[in-house]
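Here the structure is laid out as structure tokens; the discussion comes afterwards.
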Amino acid sequence: MPENSMASAETASNLPSPLDQVRAIDQQVAHLWMVRTFLKHADESEDDEELRSVVRDIYDFILAVGPVDDVDNPAVYMKMAKKKLTKLRKATELYEEIQPEVSGHTNFVMAAKSLRLALNAISQIIKPANAAS
């Protein structure tokens, strides 16, 4: 095997399988779900349209990728996750921007951190999939 082919095969074997990527994103979706649920039920959401839009956009990502148990085709899941990532990123940025005005309570601060960590993790999971295609 030529040296370049061997290096290429070695790199490909180090990449997680599509199903592993789906499972890794699903783990982050659990965090998204908890942030969304907290924000949705917070009293502050009643009067804040921007906060409600963050909640809707997080839910949109969760709903778009669906439960991991329903995944028949990891490529389709990854395509949808990639498609919805921009909306999740915008929701995260908006929440980080408005969070100090909404509330300085630790729960809201931690929700911003958790949302950012989940977004960053999902972005990293999707990134290798983009490089491989």
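What you are looking at is a predicted structure, and each value in this text was computed from that prediction instead of being measured. Position 1 is the first residue of the sequence, and the numbers go up from there.
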>> Which heavy atom of L32 sits nearest to which heavy atom of I58, and what is that distance?
In response: O-CG2, 3.7 Å
> Taking side chain as C-beta onward, heavy atoms only, is V55 less than 4.5 Å from V35?
Replying inline: no
> Can you tell me how far OH of Y77 sits from CG of D26, rounded to the nearest 0.5 angstrom?
Replying inline: 5.0 Å
>> Within this structure, what is the CD1-NE2 distance for the pair I122 and H31, rounded to the nearest 0.5 Å?
In response: 9.5 Å
> Does one hydrophobic cluster hold both V22 and W33, with members joined at side-chain heavy-atom distances below 4.5 Å?
Replying inline: yes
> Is it true that F108 and Y95 have ring centroids separated by less than 6.0 Å?
Replying inline: no
> What are the two closest heavy atoms between I25 and M78, and how far apart are they?
Replying inline: CD1-SD, 3.7 Å
>> Looking at every heavy atom in both M80 and A64, which two are closest together, and how far apart are they?
In response: CG-O, 3.3 Å
> Where the side chain of T37 meets the backbone of M34, is there a donor-acceptor pair that is under 3.5 Å apart?
Replying inline: no
> Are K113 and E96 within salt-bridge range, i.e. N to O under 4.0 Å?
Replying inline: no
> Has the side chain of Q99 got a donor or acceptor atom that lies under 3.5 Å from a matching backbone atom of S103?
Replying inline: yes
>> Which heavy atom of G104 sits nearest to which heavy atom of V109, and what is that distance?
In response: O-CG2, 3.7 Å
> Hey, does V29 have a side-chain heavy atom less than 4.5 Å from the side chain of F61?
Replying inline: yes
>> If you apply the rule side-chain contact (heavy atoms from CB on, under 4.5 Å), what do you find for E93 with R116, and how did you get there?
In response: CA-CA 8 Å; E93 291 168 354; R116 171 56 65 180; 3.8 Å; yes
> Is D60 salt-bridged to K84, cutoff N-O under 4.0 Å?
Replying inline: yes
> Nearest 0.5 Å, what's the OG1-CG distance between T86 and D57?
Replying inline: 11.5 Å
> Does some side-chain heavy atom of V71 sit less than 4.5 Å from a side-chain heavy atom of V65?
Replying inline: no
> Is there a side-chain contact between Q27 and V68 (heavy atoms, below 4.5 Å)?
Replying inline: no
>> Keeping S123 on the side-chain end and L119 on the backbone end, is there a donor-acceptor pair under 3.5 Å?
In response: yes
> Below 4.5 Å, heavy atoms only, C-beta onward: do K90 and K87 meet side chain to side chain?
Replying inline: no
> Rounded to the nearest 0.5 Å, how far does CD of Q21 lie from CD1 of I125?
Replying inline: 8.0 Å
> For L88, does its backbone N or O pair with a side-chain atom of T92 as donor and acceptor, under 3.5 Å?
Replying inline: yes
> Should R52 and E49 count as an ion pair when the cut-off is N to O under 4.0 Å?
Replying inline: yes
> So which heavy atom on L19 is nearest to which on P74, and how close?
Replying inline: N-CB, 4.1 Å
> So, for L117 and Q28, which heavy atoms are closest and what is the spacing to 0.1 Å?
Replying inline: O-OE1, 4.3 Å
>> Nearest 0.5 Å, please: how far is CG in N107 from CZ in F38?
In response: 4.5 Å
